[in-house]
Every structure is written in C-alpha cells, then in structure tokens.
Amino acid sequence: MDTSLKAAAVVLDSVSKSYGPVEILKNVSVSIAPGEVVTLLGPSGAGKSTLLRCINHLETISAGRIYVHGKLIGYREVGDTLHELSDREISAQRRSIGMVFQSFNLFRHMTVLQNVMSGPVHVLRTPKVEAAALARDLLEKVGLPDKADRYPSELSGGQQQRVAIARTLALAPSVMLFDEPTSALDPELSQEVVATIRSLAEQGYTMLIATHEMAIARDFADRVIFMVHGEVVEDVPARSFFTTPRHERSRQFVARHAG
Amino acid sequence: MTVAASCAMAEPRAVRVKHRLRWGAWLLSAIVLLVTGMLLVAAIRAKIMNLEVFLTYFTSEQVLLGARNALILGTLALALASVIGLVVALMRVSGNPILAGLSATYVYFFRGTPMLIQLLFWFNALPTMFQRLHLTIPFTDIVLLDAPTTTVVTPFVAALAGLGLAEGAYMAEIIRAGILAVDKGQRAAARAIGMTEAQVLRHVVIPQAARIIIPAGGNQYIMLLKSTSLASAIGFLELLRIATDIYSSNFMVIELLAVAAFWYLVMTAFATAIQTVLEKTFPQR
Ligand SMILES: Nc1ncnc2c1ncn2[C@@H]1O[C@H](COP(=O)(O)OP(=O)(O)OP(=O)(O)O)[C@@H](O)[C@H]1O
Ligand SMILES: [Mg+2]
C-alpha cells in the first residue's frame with residue numbers, strides 16, 4: 001500500500017460510512033492516479049455523493065482511511081489512533097481538493113468575479129488586484145469573460161456551473177471532485193459544461209466525476225467505477241464498462257443509459 | 001387552430017380595455033377618510049391643543065435632552081442586543097446540547113417576562129447582589145474599577161442592561177431564523193474552497209442572513225426606541241419622563257404628549273431611513 005499511496009492522487013482504503021445503523025459506504029477501496037479521469041456511476045442512492053463528500057471531509061467516515069496525494073484526510077495518525085484534525089487544518093487540506101456541486105452553490109450575494117476571487121482572497125490571502133486578474137483569466141477560460149459583474153441569479157444554469165468550476169480552479173486544486181455537475185441542467189446547457197470539463201481533462205486535471213451523463217463516461221473518462229448500495233461493483237477502463245459490463249447490475253445500467 | 005385562424009383573418013381593430021373597478025377598496029377608503037376627518041374636526045373644535053405651547057416645548061432644551069437620551073439609550077440597547085442575539089443564536093445552532101439548552105432558556109426567560117419588570121429588577125437587584133464592584137486585571141495589582149455598585153448602576157446603566165438583555169432574546173430568534181434560512185449548499189461550497197468555520201460565517205452565512213435579519217431588526221429598533229419610555233420607571237430622564245414632569249406642573253397635558261409623540265415619530269423616521277439604507281446594502285439576490 002505504502003508506495004502506491006505516495007504515487008496516487010486519491011486513495012480510499014477500506015472506507016465505510018454509516019448514518020446511524022444504515023451503512024452507506026461499505027468497505028470501499030479505490031485508487032486514482034494523477035491525471036486520471038474517473039467517472040462514478042450508479043443508481044440513485046448508491047452513495048456517490050457521500051463518497052465524494054468524504055474525500056474532502058465534508059462528511060466524516062466511520063472506518064478506513066482516505067489519502068489525497070499521500071496526505072491522510074481529516075485525521076492525524078498517532079500510534080494506532082486517528083485524531084481528527086482541527087478546523088483550521090481540515091480547511092487547509094480542502095484547498096487542494098476542488099469540488100463542484102449539482103446545484104452550483106455559487107455565493108448568491110457575490111458577483112461572478114467575487115465568487116471566483118473568494119478562494120484566493122479569503123483563503124489564500126492573495127492581494128485583491130492579483131486575485132481579480134486571475135479570476136478574469138479563469139472566466140475567460142470557461143467562456144464567460146463578459147459576466148464578471150453579474151450576480152449568479154442573472155445567469156443560466158450552465159453559466160453558473162461554469163463559474164462554479166472557475167471558482168474551484170482559482171485555488172489550483174490537485175484533485176477535482178464533481179457531484180453530478182450536469183444533472184440540474186437541460187441537455188443543451190449540459191453540453192457547455194461537459195465541454196468545459198472535457199477541456200480540463202485534456203489539461204491533465206485529476207478528476208473524479210459522479211454523473212448520469214454518459215457522454216462524460218464514454219468520451220473522455222479513463223475509468224468507470226460503478227457503485228450499487230454503497231459497494232463498488234465494477235472498477236474498470238471506461239471502454240470495457242460499456243462494451244463488456246461484467247455484472248448483472250452494470251449490464252442493466254448500461255442497457256438503460258447507453259441505449 | 002380555428003381560433004388562431006379566425007384571429008389572423010379579422011380586421012385589425014383598436015380595442016378599449018375597461019378594467020374592473022375595485023368597489024370594496026374605494027368604499028373602504030371613503031369611510032376611513034370620513035372618520036379621520038370627523039376626528040380632526042372634533043379635535044380642532046374642542047381646541048384640545050394650544051399650537052403655540054406645542055411649538056415652544058417642541059424645541060425646548062429639556063425636551064431635546066430627553067429625545068437625545070431616548071435615541072442614545074435605544075441605539076446602544078440595540079447594539080448590545082445584536083451582539084447578545086448573535087452569540088445566543090450561534091449557541092443555539094452550534095449542535096452542542098448544553099449551549100443550545102442555555103440559549104433556549106435565555107430566550108424563554110428574557111422574552112417571557114415584561115421588560116418593565118426586568119428594568120426594575122436590574123436597577124434594584126444588582127446593588128443588592130454586589131455591594132461593591134471591584135474589577136482588576138488578573139495577576140496584577142492594576143485596579144480598573146472600584147466603586148459602590150449604586151454609583152455604577154445608574155438609571156442609564158440599568159436601563160441599557162435591561163433593554164439590551166430583553167431585546168437580545170428577540171434578536172437571537174431573528175438572527176437564528178436568518179442563519180437557518182441560508183441554503184446548506186452555500187455553506188458546503190464555502191467549506192469546500194477551504195474556508196474555516198469562522199470564515200464561512202463571516203463571508204457567507206452572515207451576509208446572506210443579513211437580508212432576512214435587517215427588516216425584522218429595523219422593526220425591533222423602532223420598538224426599542226419607544227420602549228425607552230419604560231426607563232422613566234427607574235428615574236432615567238428620557239423623553240416621556242420629561243414630558244410628564246413638565247405637564248404635571250403646567251397641566252398642558254395634550255401639548256406635551258403631542259411633543260413627545262412627535263419626537264418618537266422623528267426617531268422612527270430615522271430608524272426607517274437606516275433600515276432602508278441597510279436593505280440596499282444587502283439586497284435580495
Ligand atoms: N444526512 C444523511 N442522513 C441519513 N442518510 C443519508 C444522509 N445523506 C445521504 N443519506 C443516504 O445515503 C444514501 C446515499 O446517498 P447519496 O446522496 O450519497 O447517493 P447518490 O448515489 O449520490 O444518489 P443520487 O444519484 O440520487 O445523487 C441514500 O440512501 C441516502 O438516503
Ligand atoms: Mg448524489
């Protein structure tokens with residue numbers, strides 16, 4: 001485990017998570033290499049969102065360990081005990097883990113530019129002028145240079161999601177987590193978001209994407225992880241998942257979604 | 001289909017739109033105007049007020065002092081109440097059962113007893129509980145304060161404490177409602193970019209809660225400005241106390257009540273203006 005742990009971008013080592021008596025993640029082990037694009041598929045309630053939220057410690061796990069670039073997330077290991085890190089230490093870890101949400105979650109009271117600047121300014125303490133320049137660059141990259149002074153409520157869903165992507169990029173994360181980034185969008189708007197994510201994939205970002213959008217999984221993901229009821233059922237190259245799904249559940253899933 | 005076809009075919013023709021008259025509303029307006037007019041006429045006929053007396057006292061030194069005292073007391077009490085309210089609200093949503101319980105108890109007590117009783121209590125109980133206030137910087141010999149409690153707890157201090165503590169309970173509930181109204185996703189996003197809990201509060205939760213807190217807070221400010229009149233019961237020289245003092249010697253009751261009422265209206269206008277400015281600063285988005 002140890003050498004691969006250092007080399008991998010994200011490692012989930014026998015992770016379990018329960019809400020009360022209900023086990024949502026069951027002994028999940030996954031490893032993602034730097035630059036790899038992995039899609040997380042599975043029916044509703046499989047635990048995809050929960051898994052992503054555990055990686056940046058928005059949810060705490062009940063057992064196992066999570067590493068991002070070799071660093072144990074959320075805890076310090078002393079002897080055989082895990083001590084939960086302080087608020088400050090956890091937030092420092094989250095800086096290098098970008099997260100994009102299904103419902104965008106742009107800060108409503110801030111303009112688009114302020115949203116993209118919020119990480120650098122409040123978290124990294126970058127001078128405002130510098131942060132604004134960086135933010136304008138990123139808005140250019142996601143194709144929205146003219147929306148800088150708008151408020152999120154004045155943008156379409158697809159535009160909001162691209163701003164949200166720019167907001168996470170502003171912290172130069174080493175890993176990007178996407179939780180159904182296109183599920184709240186109609187097909188046309190989802191196209192532009194998919195295009196943005198694809199360009200990130202081409203730039204070599206390490207990404208873990210929970211999605212129902214087969215275009216992402218089929219066209220540019222390296223790997224598919226298929227989950228059902230909190231368990232990883234398949235963890236295979238994207239191509240083979242669609243051509244030769246091994247399990248009954250994945251066959252049904254592919255038949256229904258890829259038809 | 002046939003409707004669309006016939007419409008397209010018809011000659012373009014100017015159409016007059018006649019809106020329905022809202023009879024009820026007009027009738028009610030008429031009744032209210034009539035009753036108000038009758039009351040005014042009755043008041044003027046009875047010469048209930050001497051306008052000259054009203055004007056003299058309106059800007060008299062004593063009355064101005066009272067108005068100033070009321071404004072200062074009300075404003076400081078609101079500031080104190082906001083700080084208390086924020087702390088109590090944060091305790092309530094902290095998730096710690098003891099803090100939440102303490103917070104709920106605080107709100108229950110201070111919202112559940114009349115403000116007047118609270119003012120009288122602080123004014124009388126504090127000097128009894130502590131004969132002498134003695135405040136030093138710990139581990140040094142520096143004495144910050146050393147005086148008999150009765151000289152420190154003046155009517156003003158007791159009134160400020162009483163109003164601030166009581167109002168703090170209302171502000172706590174208002175602020176809590178504001179915090180709860182902020183979408184969970186906003187907090188998750190703020191944490192995900194690496195903000196500490198304090199930063200999440202400061203940069204995301206409070207600014208968004210503000211647009212809910214401000215209108216209700218403005219309302220409380222106005223109530224508080226008027227509640228300063230309760231402080232007359234413990235001998236604080238605020239507006240109403242001064243007005244009653246004057247009319248008990250010259251018997252110009254209506255004039256002086258009108259003077260006081262007018263100044264309360266001025267203060268209310270001031271509070272409303274501040275509220276409007278703040279609402280523009282934190283607009284609904
Ligand atoms: N806070 C919570 N308390 C209790 N149960 C929860 C909580 N959050 C999620 N769950 C449960 O955990 C399970 C997994 O939820 P999760 O949101 O991770 O699924 P998902 O795969 O993302 O589904 P979807 O495709 O609908 O988004 C569900 O059964 C859900 O009911
Ligand atoms: Mg989900």
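Here is the naming used below: chain letters follow the sequence lines, and residue numbers restart at 1 for every chain.
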Please flag which part of B:E197 lies under 4.5 Å from any non-hydrogen atom of chain A: side chain, backbone, both or neither. both
Go through the atoms of B:A190 and report whether side chain, backbone, both or neither lie under 4.5 Å from a heavy atom of chain A. both
Contact class of [X] relative to chain B, heavy atoms under 4.5 angstrom:
| X | value |
| --- | --- |
| A:F107 | both |
| A:I97 | backbone |
| A:L106 | backbone |
| A:S96 | neither |

To the nearest 0.5 Å, atom CZ of A:R94 lies from atom OG1 of B:T196 at 10.5 Å
When you compare the side chain of [Y] with that of [X], does any pair of heavy atoms fall below 4.5 Å?
| X | Y | result |
| --- | --- | --- |
| B:D183 | A:R108 | yes |
| B:M195 | A:V123 | yes |
| A:L58 | B:R191 | yes |

Most heavy-atom pairs under 4.5 angstrom with chain A, which of B:K184, B:Q199, B:Q186?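 Most heavy-atom pairs under 4.5 Å with chain A: B:Q186.
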Check whether more than 12 heavy atoms from other residues, nucleotides or ligands sit under 6.0 Å from atom CG of B:L265, and answer yes or no.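 Buried by this count: over 12 neighbours within 6.0 Å.
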Determine the minimum heavy-atom distance between B:A192 and A:N56, stating which atoms define it. CB-ND2, 3.9 Å
Would you name the heavy atoms of A:F101 and B:A189 that are closest together and state the gap between them?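 Looking at all heavy atoms of both residues, the closest pair is CE1-CA, 3.6 Å.
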Under 3.5 Å, is there a donor-acceptor pair between the B:Q208 and A:H109 side chains? yes
Knowing that exactly one of A:P120, A:S91, A:S118 qualifies, which makes a side chain to side chain contact (heavy atoms under 4.5 Å, CB included) with B:I193? A:S118
